[in-house]
Number of protein chains: 2
Amino acid sequence: MKDFSGHSTEPADKASTAGIALGNSERAIVGLVELLFFAYRDFTRDPDDILAEFNFGRAHHRVLHFVDRYPGLRVADLLDILKITKQSLARVLRQLVASGFIEQRLGEADRRERRLYVTDSGQALAVRLLAPQIRRMQQAINDTHGATEAETVRSFLFAMIETEERRRVEALLAGPGGLVVPKPEDTP
Amino acid sequence: MKDFSGHSTEPADKASTAGIALGNSERAIVGLVELLFFAYRDFTRDPDDILAEFNFGRAHHRVLHFVDRYPGLRVADLLDILKITKQSLARVLRQLVASGFIEQRLGEADRRERRLYVTDSGQALAVRLLAPQIRRMQQAINDTHGATEAETVRSFLFAMIETEERRRVEALLAGPGGLVVPKPEDTP
DNA sequence: CTAATTATGTCAACATGGCTGACCTATTTA
DNA sequence: TAAATAGGTCAGCCATGTTGACATAATTAG
């Protein structure tokens, strides 16, 4: 293992901008931060191919999923869940309704509301999109065995990563020097 | 608790599209899938305000972070980590170099390579962006105590969610009926 | 009963950050 | 010397986020 970076040797004392410096315990956490990135990267990748068949994107997926899971959801509820603007939601929701995956019914008690429900085809698509994510999550949980808590979390997040990618991520997280400098013998 | 949805009563048998049906164990996993969504939603939210000061977005954050953590990274390595195209990377990388947050040096062994390094200001920004994520992650780990593995993961993901949001997320995950139908007494 | 509030929708314009496809320059390697 | 590799660049497209302004219908408050 080479110590070449200049960053890894200094304890990030230069972080004067916010008055924050990284200590040893903080640096240990960074690996988890990165694992969460990789986990989410691969987790969201699964449904994208299916969505492409319908010319849909992730925004459609999110809407369809939550309407499927929580039938009768109002637009306001969705805005609260997704934390996006009404206009952004309207665009994808309009397409989902036009495509016959979601339908709107007037609220019985309050007729200003448009309660959202998936149609049969909407439910079929929702389940199809959910399936690979459940599979990956299930496997991640199963792979997470016999460990203390931080290790459980680490194991869980790692198992969320695409199988073929794990080697590389592991190498990367092995520390600065894991991925970079592929030919250390050439350095003069 | 009311049973009103029509979806929650049926075990999603209609998922004939992919030949997949959700069983009870699968449905139990869906909550984790949603927790991961909420966790990542709030996790990525933190640095966005800081980035806005510099007219940067998440794409800049990712590049800056990985270059900070793994100094000497090559463009090809970044493409592999981020899983985006060369053109997408080039856009944000160009801005980061122009703004003086990242600098490029020719590879010593192979002079086709442009090794990437953060400047002092680049490191300062990287640390500043990382700090709230470390804080949240640290707290999520700390809050995850005394539990079996699936519960540890659940606890971990839940603790990743913005504090004020947890009540609502908890209510939502309490099952169909948790968030929707706010006035059940009005239904005829 | 009128006025304010609420739920929702819509138009227009803009920014970010993905993508494809084509093409170019150095440099290294076969 | 030719091919492969690392990287850059231009041009255009698409998805999805943003603001701001405004409209309609229904409910609720005074």
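Here is the naming used below: chain letters follow the sequence lines, and residue numbers restart at 1 for every chain. Quantities reported herein were computed from a predicted structural model and do not represent experimental measurements. Any value given below was found using the heavy atoms of this structure, including those in side chains, with hydrogens, waters and symmetry copies removed.
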* **Phe54(B) and Phe101(B) aromatic ring geometry - parallel, tilted or perpendicular at 30°/60° bounds** => perpendicular
Would you call [X] and [Y] a salt bridge, using N to O less than 4.0 angstrom?
X	Y	result
Asp77(B)	Arg74(B)	yes
Glu170(B)	Arg167(B)	no
Arg45(B)	Glu165(B)	no

Is any side-chain N or O of [X] closer than 4.0 Å to OP1 or OP2 of [N]?
X	N	result
His60(B)	dG17(C)	yes
Arg62(B)	dG18(C)	yes
Arg111(B)	dT25(C)	no

* **Atom pair CD1 (Ile29(B)) and CD1 (Ile141(A)), whose distance is rounded to the nearest 0.5 Å** => 5.5 Å
* To do: Hey, could you give me the CD1/CG distance between Ile161(A) and Leu35(A), rounded to the nearest 0.5 Å?
  => 5.0 Å
Take atom [atom1] of [X] and atom [atom2] of [N], then tell me their distance rounded to the nearest Å.
X	N	atom1	atom2	result
Asp110(A)	dT6(C)	CG	C1'	8 Å
Leu78(A)	dA7(C)	CG	C1'	13 Å
Leu116(B)	dG7(D)	CG	P	8 Å
Arg112(A)	dT27(D)	CZ	P	7 Å
Gln95(B)	dT16(C)	CD	C1'	9 Å
Asp80(B)	dT5(D)	CG	P	15 Å
Arg105(A)	dT8(C)	CZ	C1'	18 Å
Arg94(A)	dG17(D)	CZ	C1'	15 Å

* Relative orientation of the end axes in the helix from dC1(C)-dG30(D) to dA30(C)-dT1(D), expressed as an angle to the nearest 10° (five pairs per end) -> 30°
* **Nucleic acid contacts - residues 82-92 of chain A versus DNA chain D, non-hydrogen atoms under 4.0 Å** => Lys83(A), Ile84(A), Thr85(A), Gln87(A), Ser88(A), Arg91(A)
* **Comparing Arg45(A) and Asn55(B) on DNA chain C - which has the more 5′ nearest nucleotide** => Asn55(B)
* Comparing Phe56(A) and Gln104(B) on DNA chain D - which has the more 5′ nearest nucleotide -> Gln104(B)
* Asked: So which heavy atom on Arg136(A) is nearest to which on Met160(A), and how close?
  -> NH1-O, 2.7 Å
For residues 87-98 of chain A, run the donor-acceptor check on the side chains, cut-off 3.5 Å, and write out each pair with its distance to 0.1 Å, sequence neighbours left out.
unit_1	atom_1	unit_2	atom_2	d
Ser88(A)	OG	Thr85(A)	OG1	3.1
Gln95(A)	OE1	His60(A)	NE2	2.9

* Asked: Is Arg115(A) positioned over the aromatic face of Tyr117(A), cation under 6.0 angstrom from the ring centre and no more than 45 degrees off axis?
  -> no
